Amino acid sequence: MVCYDAGKIDVAVIGAGHAGIEAGLAAARLGCKTSVFTINLDAVGNCPCNPSIGGTAKGHLVREIDALGGEMGKAADACTLQSRMLNLGKGPAVHSLRAQIDRNLYSQTMKHTLETCENLELRQAEVVSLQQKDGGWLLTTRLGAQYTAGAVILCTGTFLGGKVFVGDVSYESGPDGMFPSAFLPDSLSALGISLRRFKTGTPARVRKSSLDFSRLEVQYGDEPTVPFSYDTEAPPENKTVCHISWTNDETKQVILENIHRSPLYSGMIEGIGPRYCPSIEDKIVRFPDKERHQLFIEPCGLNTEEMYLQGMSSSLPEDVQLAFYRTIPGLENAQIMRTAYAIEYDCCDPLQLDATLEFRDLPGLYGAGQFNGSSGYEEAAAQGLIAGINAARKLQGKSRFVLDRASSYIGTLIDDLITKGVSDPYRMMTSRSEYRLVLRQDNADERLTPLGREIGLISDSRWEKFQRKQGQKEQEMRRAQKTFFPPSDELNDILVSHETSPVATGVKLADLLRRPQITYQDLTEIDRERPDLPIAVLESVEIELKYEGYIRRQNADIEEMRRVEGKRLPEDIDYSKITGLRLEAMEKLQKVRPENVGQAGRISGVSPADISVLLIWLSAHGGKET
């Protein structure tokens, strides 16, 4: 192949999915000449798995991305079809926003955002080779164009070595019938990057007019809706509804009778699938006593007949899929428009990365998204944002940008990946955070917008808006502490009606709000001096008052964690020479190369006794806190 010099760029982003979009925008907005390469321009911001953004813990990630100056939340708000806040029956730590989106509109919106971003070039080109050159990187495309770049961010999603499976049929492919990235894996292996095979899947899309909606349960959106982005002025509109149905014994029978035809069980698929999002055949086999499994019928957009069957991913043959779908109430005459499939792909072992998502042994090369072994659009976008920020800052000679576990779900996600590694596609869940009461979605801006401003991704208008909101919150917190209500029949009627004890003496507004049964809304009739404040401000004040003691305790835990994190480990430490470390700990520490003692303690196979040995060694060798 004859190659030609296509020019020099600062940051090259390989892939334009959710990770690539955030990486490219962040680097370009921070002043770097950036090129985003994608195999197909029509697939920018594609949602091949499900047409939704957010969900449990994932909604937290979207809010955090937005708080730092990322794009996902804005685009989701602009493309929302239906909005729902999940887990409202539980505590505020697990409240998570989820939006059904118009899939094609979301892709078009993100593509146009990239096209109009200053310093950014969007190119349809397959990168087939990556080589180190003169302290930077040389990228070669399939058509022979060669680019030199200071930094490269790998955001290959499920395209890298992609292979689709439907029954006994398999072929090289990316998602949604697009070309895979077939040549780049060899180039990455030649660089010494350790790759493994993971698998994911997507359900079928069925024709809307073929469904019997009279047999389906309607699922409405919330009113009023809540946006993802702190920049969104008007709450999104609910433009449509979703529906629910259930599998049954007949569904189970059809699947079990044909389970031998599934590539999952015939041995054709070697890749490891997501633990928390199994295919329907996997659910049937793993949970034989479960009588039925829920599925959600969700629209893919306002201008398409395609309906997505959430919870019904499968790699069974097409005829078997049609047979078991038609056993489900409302789907008796379902017409498949896109057959469900499983897809295998290459990804890296994230233990090779540091907290900036840069490869430890390959300066200037970063990984983000499914390439790092995670699953989900939101997890990908979060990593893309951090990788893009760090690639730009490194080229500009600035300090690296790292979020710890106590600052964000993004910090938790990255720390889990780089210290614990992954044995199957990683999915963010609220249970993964030790500090989830502090890391709520309602306070993502309070935690992260000052950092986004410092980095340079938060505009002046956004910063002024943030400061105004914080000022309103502080004033309302002071008002709640100062405002007294005398005992009255009106107040006690409210308290008794909400099953909490009446008062015989004056009581502070703050003390009333600390009662689990009482909300701001309940006190509207007697709280006549309340200023006209945004719901988000009142929500934040109420949560912090109600959970004040728990939050104080969690903040104390965070202080202790950060104290331990401050004990840095030398980069050139030779763990094999530290007397007292167990062999397994030596091997794991040598491989992961943790940056501090706190990180070392989270590595699987490193015990508290090993940490004690490390602390003694540090003390003896003049270890300093940062």
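The basis for the numbers below is simple: all heavy atoms, side chains too, and nothing from hydrogens, waters or symmetry mates. Note that the structure is a prediction, hence the values are computed from the model and not measured.
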_Is any side-chain heavy atom of Leu195 closer than 4.5 Å to one of Ser189?_
yes
*Taking salt bridge (Lys or Arg N to Asp or Glu O under 4.0 Å) as the test, write out the residues that go with Lys283, two or more places apart.*
none
*Who are the salt bridge (Lys or Arg N to Asp or Glu O under 4.0 Å) partners of Arg84, not counting sequence neighbours?*
none
*Got a second to check how far Ile297's CD1 is from Tyr308's OH, nearest 0.5 Å?*
12.0 Å
*Check ion pair Arg98-Glu378 (N to O, under 4.0 angstrom)*: no
*Would you find more than 12 non-hydrogen atoms of other residues, nucleotides or ligands less than 6.0 Å from Glu270 atom CD?*
no
*Using a strict cut-off of less than 4.0 Å between a Lys/Arg side-chain nitrogen and an Asp/Glu carboxylate oxygen, indicate whether Glu358 and Lys394 qualify as a salt bridge.*
yes
*For residues Gln321 and Val166, report the shortest heavy-atom separation together with the two atoms involved.*
NE2-CG1, 4.1 Å
_Quick one: does any side-chain atom of Thr225 pair with a main-chain N or O of Pro236 as donor and acceptor, under 3.5 Å?_
yes
*asked:* Could you tell me if Asn390 and Tyr366 have a donor-acceptor pair between their side chains, going purely by distance under 3.5 Å?
replied: no
*Measure the shortest side-chain to side-chain distance between Asp168 and Pro317 over non-hydrogen atoms and say whether it is less than 4.5 angstrom.*
no
*Without hydrogens or angle criteria, can the side chains of Asn87 and Thr56 be said to hold a donor-acceptor pair below 3.5 Å?*
yes
_I need the minimum non-hydrogen distance between Thr80 and Lys239, along with the two atoms involved._
O-NZ, 3.1 Å
_Closest heavy-atom pair and its distance - Val127, Ser181_ = O-OG, 4.3 Å
*Asp354-Thr356 side chain donor-acceptor pair, cut-off 3.5 Å*: yes
*Could you tell me the separation between the CZ atom of Arg123 and the OG atom of Ser35, rounded to the nearest 0.5 Å?*
8.0 Å
*Write down the atom of Pro299, the atom of Leu81, and the distance for their closest heavy-atom approach.*
O-CD1, 4.1 Å
*Is any side-chain N of the basic residue among Arg447 and Glu64 closer than 4.0 Å to the acidic one's carboxylate O?*
yes
*Begin from the C-alpha positions of Leu448 and Arg63 and carry the test side-chain contact (heavy atoms from CB on, under 4.5 Å) through to its verdict.*
CA-CA 10 Å; Leu448 298 176; Arg63 279 280 179 86; over 6 Å; no
_Residues Ser374 and Gln383: side-chain donor-acceptor under 3.5 angstrom_ = yes
_Side chains of Glu434 and Thr412: any donor to acceptor distance under 3.5 Å?_
no
*In terms of side-chain geometry, is the basic nitrogen of Glu71 or Arg29 positioned less than 4.0 Å from the acidic oxygen of its partner?*
yes
*Answer whether the closest heavy-atom distance between the side chains of Thr232 and Asp66 falls below 4.5 Å.*
no
*Of all heavy-atom pairs between Pro278 and Arg286, which one has the smallest distance, and what is that distance?*
CB-NH1, 3.5 Å
*If you measure only the distance, is there a donor-acceptor pair under 3.5 Å linking the side chains of Asn50 and Ser52?*
yes
_Please report the interatomic distance CD1(Ile101) to OG(Ser83), rounded to the nearest 0.5 Å._
12.0 Å
*Is Arg196 paired with Asp346 through a side-chain N to carboxylate O contact shorter than 4.0 Å?*
no
_Pair Ser96-Gln441, side-chain donor/acceptor within less than 3.5 Å_ = no
*Taking the inter-plane angle between the rings of Tyr345 and Phe198 on a 0 to 90° scale, is it parallel (under 30°), tilted (30 to 60°) or perpendicular (over 60°)?*
perpendicular
*Okay, side chain of Lys588, backbone of Ser604: is any donor-acceptor separation there less than 3.5 Å?*
yes
_Between Asp282 and Tyr265, do the side chains contain a donor N or O and an acceptor N or O under 3.5 Å apart?_
yes
*What's the shortest heavy-atom distance between Arg602 and Lys420, and which atoms?*
O-CG, 3.4 Å
*Rounded to the nearest 0.5 Å, what separation is found between the CD1 atom of Ile410 and the NE2 atom of His60?*
12.0 Å
*Among Arg205, Arg338, Lys208, which one satisfies side-chain hydrogen bond (donor to acceptor under 3.5 Å, both in side chains) with Glu306?*
Arg338
*Hey, is Glu379 close enough to Arg432 for a salt bridge, meaning N to O under 4.0 Å?*
no
*Taking the side chain from Ser187 and the backbone from Leu130, do they hold a donor-acceptor pair closer than 3.5 Å?*
yes
*What do the steps show when you test Phe371 against Ile14 for side-chain contact (heavy atoms from CB on, under 4.5 Å), and what is the final call?*
CA-CA 11 Å; Phe371 176 75; Ile14 302 177; over 6 Å; no
*Rounded to the nearest 0.5 Å, what separation is found between the CG atom of Asp186 and the OG atom of Ser129?*
10.0 Å
*Report the distance from atom CG of Asn40 to atom CG of Asp42, rounding to the nearest 0.5 Å.*
5.0 Å
